[in-house]
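Note sheet for the following structure.
Just follow the structure's listing: the first ligand is 1, and inside any ligand the first atom is 1.
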Amino acid sequence: MPRNPRRTQGLHAFFAAYPDEAHRQFFKPGLNRRGFFAGAGLATVSGLLGLTIPYYAHMPRGLVPAAFADEDLLVGKDGLVLLNDRPINAETPAHLLDDAVTPTSRHFIRNNGIPPEEAGAGNWTLRVDGLVANPMTLTISDLQQEFEVVTMALTVECGGNGRAFFNPPARGNQWTLGAVACSAWTGVRLADVLRKAAPAPGIVYTAHYGADTHLSGDPDRLPISRGVPIAKALTDNVLVAFAMNGSSLHRQNGAPLRLVVPGWPGSCSQKWLTRIELRDQVHDGPKMTGTSYRVPRYPVAPGDEVPKEDFEIIERMPVKSLVTFPKHDSHAGRSVEVRGHAWSGDRLVETVDLSVDFGASWMPVELDPPINPGAWQNWRRTVEFPEAGYYEVWARATDSAGDMQPFGIDWNPKGYLNNSMHRVALRVT
Ligand SMILES: Nc1nc2c(c(=O)[nH]1)N[C@H]1C(S)=C(S)[C@@H](COP(=O)(O)O)O[C@H]1N2
Ligand SMILES: [Mo]
């Protein structure tokens, strides 16, 4: 039993593992006879709040006090909205994604299980095995010494980003817009690592394994283990990354080692990466099969039941854009620089158009090329509003294959791939 749970394992994990003890330690009456906080040096809730808790006896066992609900979980994050605390899932409001390259503090968190304890990079190893002539176990310094180290800004978007807008609703984290980011990742190319392992002929798929644990606590169950077709794995912007925006990875974003597979569902980018296995068949790990990260092969109507065998694995993420300025539902003058980002799986975005008259007319923006392949594209345009009033700014990207963002959602049962247009309300004064 840790004596100071806030230092050793975090409030939430402590409450989950030892609800009675957490309750006893945290909710005992705060002040002793002499007016000091009681608790023999333990951080009681009363002590932390500087207040007694008159109704402490009624606090349900195992419930983390709301005053601390976000604080402990989102250390090192800035302005993220917590969607779930077990596992931790938090998204970034669109206006906080305004930077060309996403700072670590604004990179969303999508966990399927419980991250490993804070791990030093020193002892971490990556095993590369399966159907290879030269299986390897590499430390992070082996990776740094044996392969070229590169830094690239790479877009990672959760397959379920936008799920909150599905109607009928789809189960799962109710992401709105902010399960996407484009941080600068430093690491080595997965292709270089795999080539050194000498894949056997007939390899078709990778399988990725991480050190996080299943919510059930069962050590034999993995929370998630996904893979990608070998051709994707050999693309030269797929990285085994040990740094993010010039520092070590954030603990919740996979420290000390993760994959970054830009343009494909974020689930391909295994965090806390410990092993990559090469296979002569499609991977069948947790969240690869059934309906996970899959969509029907054909368009379906909301509410349709779709047989499991008609689902296919999501590969590239669809064309999409985000307005990061102005902030949704804000006030502005008559002249506004509207800006944001656009991306489309492994394709280029060719145009982004804006409408401020509910789609009656569209105007092109100034659109940058990606700063490297796999980065989102930044765009901007100054918009003049004819008079004061309520407006909506709509943004619509079109990619190199002619795919354009839809106005409405292409509905699917699990709520993936919502790339409908972003609409921002604006009060022009
Ligand atoms: N080991 C492990 N890797 C993982 C996950 C996870 O739960 N465990 N979640 C995946 C999913 S679904 C997404 S969208 C991305 C999110 O990366 P982030 O949390 O760094 O934003 O990580 C992926 N990698
Ligand atoms: Mo995801």
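The residue from Gln252, Glu157, Arg110 that puts a heavy atom closest to atom 9 (N) of ligand 1 is Arg110.
Contact atoms of ligand 1 toward Asn111: 7 (O) (distance under 4.0 Å to a heavy atom of the residue). Close contacts between ligand 1 and Ile109 involve ligand atoms 19 (O) [criterion: under 4.0 Å to a heavy atom]. Those atoms of ligand 1 with a heavy atom of Trp272 less than 4.0 angstrom away are 1 (N), 2 (C), 8 (N). Residue contact check: Cys158 has heavy atoms under 4.0 Å from atoms 14 (S) of ligand 1. Taking every heavy atom of His107 and a limit of under 4.0 angstrom, the matching atoms of ligand 1 come to 18 (P), 20 (O), 21 (O).
The single protein non-hydrogen atom nearest to atom 12 (S) of ligand 1 is Tyr293 OH, 3.0 Å, given as residue, atom name and distance. Considering only non-hydrogen protein atoms, atom 3 (N) of ligand 1 sits nearest to Lys271 N, 2.8 Å. For atom 21 (O) of ligand 1, the nearest protein heavy atom (residue, atom name, distance) is Phe108 O, 2.7 Å. For atom 15 (C) of ligand 1, the closest non-hydrogen atom of the protein is Gly266 O, 3.4 Å. Of all protein heavy atoms, the one closest to atom 6 (C) of ligand 1 is Ile224 CG2, 3.4 Å. Residue, atom and distance of the protein heavy atom nearest to atom 2 (C) of ligand 1 are Asp212 OD2, 3.3 Å. In terms of protein heavy-atom proximity, atom 10 (C) of ligand 1 is nearest to Ser267 CA, 3.6 Å.
In terms of polar-atom proximity, defined here as any N/O pair under 3.5 Å, Asn253 does make such a contact with ligand 1. The distance criterion of under 3.5 Å between nitrogen or oxygen atoms is met by Gln270 with respect to ligand 1. Considering backbone and side-chain atoms together, Gly159 places no N or O closer than 3.5 Å to any N or O of ligand 1.
Ligand 1 has at least one atom lying under 4.0 Å from a heavy atom of Ser269. Contact annotation: Val156 has no heavy atom less than 4.0 Å from any atom of ligand 1. The shortest heavy-atom distance from Arg258 to ligand 1 is under 4.0 Å.
With a 4.0 Å heavy-atom cut-off, ligand 1 is reached by no atom of Tyr209. Both the backbone and the side chain of Asn112 come within 4.0 Å of ligand 1, judged by heavy-atom distances.
Contact annotation: the side chain of Arg316 approaches that of Ser344 to within less than 4.5 Å [non-hydrogen atoms, C-beta and beyond]. Leu73 places none of its side-chain heavy atoms less than 4.5 Å from the side chain of Val75. The side-chain heavy atoms of Thr235 and Asn237, taken from C-beta on, include a pair separated by under 4.5 Å. Annotation: side chain of Val238 is not in contact with side chain of Arg189 (no heavy-atom distance under 4.5 Å).
For the pair Trp343 and Val180, the tightest heavy-atom approach, listed with the atom from each and the gap, is CZ2-CG2, 3.7 Å. When every heavy atom of Thr291 is checked against every heavy atom of Tyr416, the shortest pair comes out as O-CE1, 3.7 Å.
For Lys287, the NZ atom counts as densely surrounded, since its 6.0 Å shell holds more than 12 non-hydrogen atoms of other residues, nucleotides or ligands.
Checking Ser267 against Arg226 by side-chain atom types alone, a donor-acceptor pair falls below 3.5 Å.
Side chain of Asp85 to main chain of Ile88: no donor-acceptor pair is present (N/O by atom type, distance under 3.5 Å, no hydrogens or angles).
When ring centroids are compared, Trp124 and Phe242 stay outside the 6.0 Å threshold. A centroid separation of 6.0 Å or more is found between the aromatic rings of Trp272 and His208.
The residues Arg423 and Glu392 are annotated as salt-bridged, a charged nitrogen and a carboxylate oxygen being separated by less than 4.0 angstrom.
Taking the ring centre of Phe325 as origin, the terminal cationic atom of Arg339 falls inside the region bounded by 6.0 Å and 45° from the ring axis.
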